[in-house]
Amino acid sequence: MATTEIEGIKNLGLFGHGGSGKTTLTEGLLYAAGAITRMGDVEQGNTTTDFDEDEIRRKISINCAIAHFTWNKQRVFVLDTPGYLDFIGDAISSIHVVDTACFVVSGVDGVEVQTELMWEKANSLNIPRVIFISKLDRERASFERTLGDISETLKGNTVPLTLPIGEEHDFRGIIDLISSKAYEVTGQGKVSEIPIPDDMADTVSEYKEKIVEAVAETDDSLLERYLEEGEISDEEVLPALRKALLAGTLVPILCGSAVKGIGIVQFLDFITDVLPSPEDLPDIKGEMPSSGEVTRPRKSDAPLTALVFKTMADPYVGKLTYFRVFSGTMKSDSSVLNSSNGKNERIGQLYLIKGKEQQPVTSLQSGELGAVAKLGETSTCDTLCDKDNPIVLPRVEYPKPVMSLAVAPKTKGDEDKLSTALGRLREEDPMLEVKRDTEINQTIISGAGEAHLDVIVEKMRRKFGVDVITESPKVPYKETIRKTVEAEGKHKKQTGGHGQYGHVFLKLEPMQRGEGFEFVDKIVGGVIPRQYIPGVEKGVVAAMQEGFLAGYPLIDMRVTLYDGSFHTVDSSELAFKMAASKAIKEGVFKADPVLLEPIMTVEVTVPEQYMGDVIGDLNSKRGRILGMEPKGKMQVVRAQVPLAEMSRYSIDLRSITGGRGVFSMEFSHYEEVPDHIAQKIIAEAKKEKEES
């Protein structure tokens with residue numbers, strides 16, 4: 001297929017909360033543009049952009065997906081993004097590679113959580129924004145109510161460009177306020193122009209005046225003429241609207257129903273007539289690996305700059321790497337530099353992507369989205385560029401994981417398969433973290449929420465043939481002492497030849513929390529030869545790792561070796577190691593041992609109306625509130641909470657705040673476990689030991 005000129009390329013991402021209608025709108029655009037012959041349905045699992053098995057089964061978008069079509073001699077790329085918080089990683093990746101962010105808002109439900117989150121993200125990145133109000137044909141839909149919700153919640157300078165004719169089951173058409181034309185859908189699904197209904201004439205005049213006032217404010221000469229003459233021609237409105245959209249001073253609102261085909265053709269015209277082309281946007285900024293900041297014009301004859309925003313891992317086909325070309329031209333059978341890691345990559349066959357369809361092309365130019373298979377050295381967020389003109393684009397920042405699971409293979413011997421599967425999935429999903437925690441001897445996967453981790457586990461089974469057992473990660477408790485004591489340890493054994501003899505006196509002292517472990521050698525006069533003292537320290541360390549109350553390591557303790565004895569023949573480093581271990585075991589129980597638990601510093605960001613419930617919930621989790629402070633229209637609660645109470649906090653917080661709360665946490669320190677809880681932990685540990 002011949003590639004369109006750069007002036008003929010538009011790309012936009014569809015963002016919004018789950019269920020707002022992004023996938024259906026994508027399907028409607030493809031159908032109206034003739035890119036597909038029949039509209040798919042999310043409920044039936046046959047849409048273009050929801051093609052993954054998990055998406056079809058769950059009836060939600062999990063991955064971002066590319067679609068493209070041609071309209072008015074322009075190639076349009078659409079990124080359909082996930083709308084649920086558990087899969088926000090792909091939405092964040094997508095917003096970094098589109099030229100316009102289109103927010104799909106349900107006319108029934110209004111502005112919901114993920115719409116707010118991604119709106120703030122687009123705002124921080126200075127991306128032009130447009131809003132499409134969907135589902136106006138549904139019961140309880142209201143255009144006016146949704147407009148009010150948008151105005152109150154998103155706080156943008158919004159202005160409607162289309163108005164609905166009818167609502168709910170009577171929704172049958174729209175009015176284009178720019179052209180002052182009305183369109184109605186007939187029973188056969190055909191759109192025809194009709195006169196503006198008489199009962200809407202005043203409303204149309206009112207809204208049209210708002211458009212003229214809004215665009216006039218973005219241009220001094222237009223504003224002056226508007227104030228003098230009281231009107232601006234339709235031919236002048238579109239360029240002014242485009243200018244205001246690019247500047248971020250105006251957010252146009254359109255409306256319709258993808259299912260009924262209402263407002264879709266007008267939205268297509270708006271995309272090609274008003275939305276920016278790549279050349280309309282500022283130069284790309286990045287860094288030269290050696291000499292600091294550099295810019296690239298968004299032109300096809302500039303040096304190549306491309307950003308990888310998605311990796312799809314397949315155990316049979318290999319990796320499929322999705323990227324956006326920001327400048328220059330990517331060519332099949334070429335060689336490029338991965339400037340993020342300094343390695344060269346061979347580019348094989350390039351593809352235009354439409355859902356799961358891959359259309360081979362010879363090149364992709366500035367502004368286009370495409371894919372290439374089997375890149376060996378490239379991951380999500382990497383920059384691909386011209387070898388002679390290196391540039392590194394800013395890496396995409398993702399939220400930290402908020403929920404973790406311990407995973408282990410159901411079948412013994414599948415450890416390597418599990419490791420391989422997690423490695424491949426980690427390449428595919430930047431929101432997934434994988435680590436082997438040696439303290440608790442578990443493999444831990446962490447992600448954006450319960451559904452995210454469920455999908456990861458299902459992918460391991462379906463794509464890589466690894467069934468796993470999952471459980472909440474063990475809490476890495478520690479043990480310590482509260483008293484200073486002295487203890488003696490003697491290891492004496494006669495075996496017929498050389499025997500074993502080691503004899504030590506140790507002093508055990510508690511240290512300040514977080515000071516760790518210290519071994520002090522106070523042997524004088526050679527009562528223990530120097531060559532055996534390392535054995536004493538090894539014995540102490542080994543015994544501390546085993547723990548005494550519940551099998552958790554001892555910390556924050558100073559051990560002083562101050563006396564002992566040896567045998568000229570039978571003593572050895574091993575014998576003194578055994579003696580030291582016995583002394584520790586004797587001494588710890590006299591030193592008032594106690595169980596410690598990790599305390600996390602937690603920051604919870606919520607709308608003010610949920611503050612009381614959130615604080616009450618943190619208190620019920622043995623949390624200590626450290627303070628509260630405003631952050632924009634939100635409130636931030638800082639607290640310290642035991643890790644043992646936080647395993648399902650992401651679920652609890654979403655329930656309390658209707659999904660509007662987010663949190664982060666990091667380790668702070670260890671504290672003593674309350675006695676009644678410590679006794680339960682110790683009892684469970686003893687039971688596990690007996691059963692094993």
*Partner of Y649 by side chain to side chain contact (heavy atoms under 4.5 Å, CB included), out of D617, V402, V641*: D617
_Measuring only between side-chain heavy atoms, which start at C-beta, is T601 closer than 4.5 Å to M665?_
no
*Does the pair E603/R638 count as a salt bridge with the N-to-O cut at 4.0 Å?*
yes
*Hey, is E439 close enough to K474 for a salt bridge, meaning N to O under 4.0 Å?*
no
*asked:* Under a 3.5 Å threshold, yes or no: a donor from one side chain and an acceptor from the other, between H452 and E450?
replied: no
*asked:* Can a donor-acceptor pair be found, under 3.5 Å and without considering hydrogens, that links the side chain of T420 to the backbone of D416?
replied: yes
*Beyond-backbone contact of V559 with K507, side-chain heavy atoms, under 4.5 angstrom*: no
_Side chain proximity check, N344 to V336, heavy atoms < 4.5 angstrom_ = no
*Any chance you could measure M118, atom CE, to E116, atom CD, to the nearest 0.5 Å?*
13.0 Å
*asked:* If I compare all heavy atoms of H96 with all of K121, which pair ends up nearest, and what's the gap?
replied: CE1-CE, 3.8 Å
*How about F87 and T81: do any of their side-chain heavy atoms sit closer than 4.5 Å?*
no
*For the atom pair CD1 (I391) and CD (E293), what is the distance rounded to the nearest 0.5 Å?*
9.0 Å
*Please say which of N63, T321, D429 ends up in a side chain to side chain contact (heavy atoms under 4.5 Å, CB included) with K310.*
N63
_E515 side-chain N/O to R513 backbone N/O, donor-acceptor pair under 3.5 Å_ = no
*Please round to the nearest 0.5 Å and tell me the distance separating atom NZ of K478 and atom CG of L554.*
10.5 Å
*What distance do Q531 atom CD and F576 atom CZ have between them, rounded to the nearest 0.5 Å?*
9.0 Å
*asked:* Between E479 and G547 (side chain of the first, backbone of the second, donor and acceptor by atom type, cut-off under 3.5 Å), is there such a pair?
replied: no
*Just checking, is any N or O donor in the side chain of E486 or Y562 under 3.5 Å from an acceptor N or O on the other one?*
yes
*Y532 side chain vs S571 backbone, donor-acceptor pair below 3.5 Å*: yes
*Do we see a donor-acceptor contact under 3.5 Å between the side chains of Y501 and S565?*
yes
*Determine the sole option in K459, R461, R462 for which the salt bridge (charged side-chain N to carboxylate O under 4.0 Å, His left out) test with D54 is passed.*
R462
*Is the shortest heavy-atom distance from the side chain of I677 to the side chain of R622 under 4.5 Å?*
yes
_Side-chain donor or acceptor of K319 paired with backbone N/O of T378 under 3.5 Å_ = yes
*Drop me the distance from S572's OG to Q500's CD, to the nearest 0.5 angstrom.*
6.0 Å
*S93 versus Y398, side-chain donor and acceptor atoms under 3.5 Å*: yes
*asked:* Do the side chains of E671 and R624 get close enough for a salt bridge, i.e. N-O under 4.0 angstrom?
replied: yes
*What is the minimum heavy-atom distance between P401 and M431, and which atoms define it?*
CG-O, 4.1 Å
_Less than 4.0 angstrom from a charged side-chain N to a carboxylate O is my criterion; do E377 and R346 meet it?_
no
*Taking every non-hydrogen atom, the tightest pair across L595 and L549*: N-CD1, 3.8 Å
*Is a side-chain donor or acceptor of T380 paired with a backbone partner of P430 at a separation under 3.5 angstrom?*
no
*Mind checking the SG-CD1 spacing from C64 to I95? Nearest 0.5 Å is all I need.*
12.0 Å
*Which atom pair, heavy atoms only, marks the closest approach of A639 to L618?*
CB-CD1, 4.1 Å
*asked:* Check this for me: does any side-chain nitrogen of one of K483 and D592 sit under 4.0 Å from a carboxylate oxygen of the other?
replied: no
*When the ring centroid of F323 is compared with that of F309, is the distance short of 6.0 Å?*
no
*Does any non-hydrogen side-chain atom of E287 lie less than 4.5 Å from one of V294?*
no
*asked:* Between the side chains of E586 and K582, is the shortest nitrogen-to-carboxylate-oxygen separation below 4.0 Å, so that they form an ion pair?
replied: no
*Please tell me if the side chains of I445 and L425 come closer than 4.5 Å, counting only heavy atoms from C-beta onward.*
no
*asked:* Does K631 form a side-chain hydrogen bond (donor to acceptor under 3.5 Å, both in side chains) with T605? I'd like the steps, not just the answer.
replied: CA-CA 8 Å; K631 183 180 180 182; T605 304; 4.9 Å; no
*Between F505 and H503, is the ring centre distance below 6.0 Å?*
yes
*Provide the closest heavy-atom pair for L453 versus G447 in the form atom of the first, atom of the second, distance.*
CD2-N, 3.6 Å
*asked:* Between K522 and D563 (salt bridge meaning N to carboxylate O under 4.0 Å), is one present in this structure?
replied: no
*With a 4.0 Å cut-off, would you call E428 and K463 a salt bridge?*
yes
*Look at D521 together with R530 and state whether they make a salt bridge at an N to O cut-off of under 4.0 Å.*
yes
_Closest approach of E597 to P674 (non-hydrogen atoms, all atoms of both residues)_ = OE2-CD, 3.9 Å
*For the residue pair D556 and E518, establish whether any side-chain heavy-atom pair is separated by less than 4.5 Å.*
no
_Backbone of S339 reached by a side-chain donor or acceptor of T383 within 3.5 Å_ = no
*Which is it for I444 and S446 under the side chain to side chain contact (heavy atoms under 4.5 Å, CB included) test, yes or no, and what are the steps along the way?*
CA-CA 7 Å; I444 308 297; S446 303; 3.9 Å; yes
